[in-house]
Every structure is written in C-alpha cells, then in structure tokens.
Amino acid sequence: MVVSFRTAVLLLTLLLPKASLSASPCKPSGYLKSESDENCDQSNGADCCEAGKSYPQYKNSPQVTDHTPAILTLNCFEEDCDGGGASACDDKFHSDDDFIVALSTGWYNNKRRCGKKIKITAENGKSVLAKVVDECDSLHGCDKDHDNQPPCRCNVVDASKAVWEELGLNTDDGEANITWSDVGEENSSWSDA
Ligand SMILES: *[C@@H]1O[C@H](CO)[C@@H](O)[C@H](O)[C@H]1NC(C)=O
Ligand SMILES: *[C@@H]1O[C@H](CO)[C@@H](O)[C@H](O)[C@H]1NC(C)=O
C-alpha cells in the first residue's frame with residue numbers, strides 16, 4: 001500500500017494526541033469529592049482541596065522494575081510538621097535527617113514494603129538507599145489526616161529532606177524525576193508491634 005504524504009500527515013495528526021495522553025502512567029480508579037475547604041500547607045507546592053471539587057484516586061501504581069520512573073516529592077515525617085499523621089508503617093513519627101520515604105498506595109502495597117530499602121537514583125546519577133516508612137495515600141485525602149491535600153498521584157516517592165540532600169537536589173524545586181528499585185529483602189527487620 002502506498003501512503004500519500006497527506007494521508008501520513010492526517011494519520012500523525014490523529015494519532016499523536018492519543019500517544020501523548022497515554023504517556024501519563026496514572027489511570028484513575030475513582031474520584032473523591034472534597035467536602036472540605038480548609039487551608040493546607042502549601043510550602044511544598046501542594047494543592048489544597050476545594051469543597052465540591054473532585055480529585056482522582058489511584059488504586060494501582062506502575063510496575064516496579066530495576067529503573068522504575070517516579071516523581072520525587074518532599075515530605076516531613078516529624079511530629080511538629082503542619083498536618084499529616086504519624087507514618088503508616090509503624091504509627092510513629094521519624095526524623096527528617098533519616099533516609100526515609102512514603103510510597104504511593106500501589107507501591108506501598110498494603111505494608112508489604114514497610115521497613116524495606118529502596119534505591120533511588122536522580123537524573124544527575126547520584127543515588128541513595130532509603131527505608132519505606134509510610135504510604136503516600138493515593139485513595140484518601142481532602143481531610144484532616146491528609147492536611148486537606150488531594151490523594152497522592154500513583155507514581156510518587158515522597159522523601160525526607162535528607163534524601164533530597166544526599167541526591168544533591170534542591171528541596172525548593174518541590175519535584176524531581178527519579179528512578180527507583182527494590183533492594184534485596186535480606187536483613188530487613190520489621191515488626192508490626
Ligand atoms: C520530568 O520529566 C518530564 C518528562 O520528561 C518533564 O516534562 C518534566 O518537566 C520533568 N520534571 C522535572 C521536575 O524535572
Ligand atoms: C545480612 O546478614 C547476614 C548474616 O547476618 C550477613 O552475613 C550479611 O552480610 C548481611 N547482608 C547485608 C547486605 O547487610
């Protein structure tokens with residue numbers, strides 16, 4: 001079959017928008033309607049929920065590989081931060097000087113990654129090992145427990161200040177592109193107690 005130049009241009013015009021739309025790895029599994037209009041801590045660039053507005057929820061996260069693409073965000077795990085409860089793995093607060101992260105709900109996987117180490121690699125080539133202590137809840141949000149912020153996206157590694165600094169990244173950027181992978185399971189001790 002001979003495809004004319006015009007047909008080719010037409011095909012490209014039709015296909016390209018779809019291709020770029022499917023580039024987002026996050027497919028909503030539902031929508032959460034906010035009932036709250038409270039202010040939230042916007043120092044890390046977060047959007048606060050607005051009453052009456054709907055926010056996407058994500059049950060699943062992209063498949064984990066040796067180089068899982070993700071968005072690094074900044075989280076405070078200490079008790080005196082604005083909003084947010086204790087960490088979901090152990091119901092405790094943690095020091096932001098520790099190499100610790102929260103993962104989107106799919107990756108958090110019902111506590112299965114609690115206490116496990118992941119390796120995070122920045123675009124500048126630097127990497128760090130960090131322990132999973134919390135969930136970046138992709139299903140719930142827009143309430144006091146979540147500082148009135150919408151559910152987390154499906155592909156977030158929400159990390160302590162120490163992780164950002166070890167990677168040589170600037171916390172003022174708020175977001176960075178990274179990849180991560182599971183580090184072997186050996187020697188990770190964790191108790192639910
Ligand atoms: C991350 O990568 C995407 C796609 O390559 C790009 O559009 C975006 O600006 C990057 N984000 C940051 C914070 O560098
Ligand atoms: C894990 O523990 C074993 C035995 O206690 C030890 O020989 C090994 O070096 C440890 N591995 C790591 C990665 O720490």
Side-chain angles (χ1 to χ4, degrees), residues 11-29 31 39-50 53-78 81-84 96-109 113 117-139 141-142 146-183:
L11 276 175
L12 274 179
T13 328
L14 286 173
L15 292 176
L16 272 181
K18 276 186 197 143
S20 47
L21 270 182
S22 65
S24 167
C26 296
K27 295 188 184 63
S29 54
Y31 289 87
N39 282 332
C40 66
D41 176 14
Q42 288 180 293
S43 58
N44 298 332
D47 280 329
C48 302
C49 293
E50 291 171 44
K53 219 174 139 183
S54 289
Y55 297 88
Q57 299 167 295
Y58 306 98
K59 195 167 50 155
N60 300 310
S61 296
Q63 194 188 354
V64 175
T65 67
D66 284 350
H67 304 275
T68 318
I71 299 166
L72 189 75
T73 55
L74 180 65
N75 191 29
C76 174
F77 295 86
E78 299 184 353
C81 309
D82 290 339
D96 288 334
D97 295 331
D98 293 342
F99 298 135
I100 49 177
V101 297
L103 296 178
S104 296
T105 292
W107 287 338
Y108 177 75
N109 196 5
R113 282 201 170 83
K117 293 240 167 96
I118 65 168
K119 182 181 178 186
I120 302 170
T121 305
E123 284 181 327
N124 61 17
K126 291 192 178 173
S127 61
V128 62
L129 296 186
K131 188 163 97 168
V132 179
V133 298
D134 201 359
E135 174 178 22
C136 192
D137 200 324
S138 314
L139 289 172
C142 301
H146 301 92
D147 187 32
N148 200 41
Q149 293 180 17
C152 201
R153 282 160 291 176
C154 76
N155 57 343
V156 168
V157 174
D158 199 18
S160 64
K161 173 173 58 71
V163 168
W164 277 75
E165 286 169 357
E166 187 71 10
L167 291 170
L169 299 173
N170 183 354
T171 53
D172 290 341
D173 292 345
E175 286 190 7
N177 290 322
I178 52 130
T179 61
W180 71 274
S181 61
D182 285 310
V183 176

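Order of appearance sets the numbers: ligands from 1, and atoms from 1 within every ligand. As a basis for the values below, the full set of heavy atoms in this structure was taken, side chains included, without hydrogen atoms, waters or symmetry mates.
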Trainee: Decide whether an N or O pair under 3.5 Å exists between E123 and ligand 1.
Mentor: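 Checking ligand 1 against E123, no N or O pair falls under 3.5 Å apart.
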Trainee: Measuring to protein heavy atoms, does anything land under 4.0 Å from atom 7 (O) of ligand 1?
Mentor: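 No, because not a single protein heavy atom sits under 4.0 Å from atom 7 (O) of ligand 1.
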Trainee: Check each of K117, R113, K119 against D182 using the salt bridge (Lys or Arg N to Asp or Glu O under 4.0 Å) test, and report the only one that passes.
Mentor: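 Going through the options one by one, the only one that passes is R113.
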Trainee: Before you tell me yes or no, could you show the steps for N155 and W107 under side-chain contact (heavy atoms from CB on, under 4.5 Å), namely the whole-Å CA-CA distance, both residues' side-chain angles and the distance that decides it to 0.1 Å?
Mentor: CA-CA 8 Å; N155 57 343; W107 287 338; 3.8 Å; yes
Trainee: Does V163 form a side-chain contact (heavy atoms from CB on, under 4.5 Å) with L169? I'd like the steps, not just the answer.
Mentor: CA-CA 9 Å; V163 168; L169 299 173; over 6 Å; no
Trainee: Give the residue and atom name of whichever protein heavy atom lies nearest to atom 13 (C) of ligand 1, and the separation in Å to one decimal.
Mentor: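 Of every protein heavy atom, E175 O, 3.5 Å lies nearest to atom 13 (C) of ligand 1.
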Trainee: Under 4.0 Å and counting heavy atoms only, is there anything from the protein next to atom 4 (C) of ligand 1?
Mentor: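 False for atom 4 (C) of ligand 1.
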Trainee: Let's test your reading of the model: do C142 and C49 have SG atoms under 2.5 angstrom apart?
Mentor: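 Yes, disulfide present: SG-SG under 2.5 Å.
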Trainee: Measure the distance from atom 2 (O) of ligand 1 to every protein heavy atom, then report the residue, atom name and distance (to 0.1 Å) of the closest one.
Mentor: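 Residue, atom and distance for the closest contact: N177 ND2, 2.3 Å.
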Trainee: Could you pull out all donor-acceptor pairs under 3.5 Å where a side-chain atom in residues 96-103 meets a protein atom, sequence neighbours excluded?
Mentor:
from: D96; atom 1: OD1; to: F77; atom 2: N; distance (Å): 2.8
from: D97; atom 1: OD1; to: K161; atom 2: NZ; distance (Å): 3.3

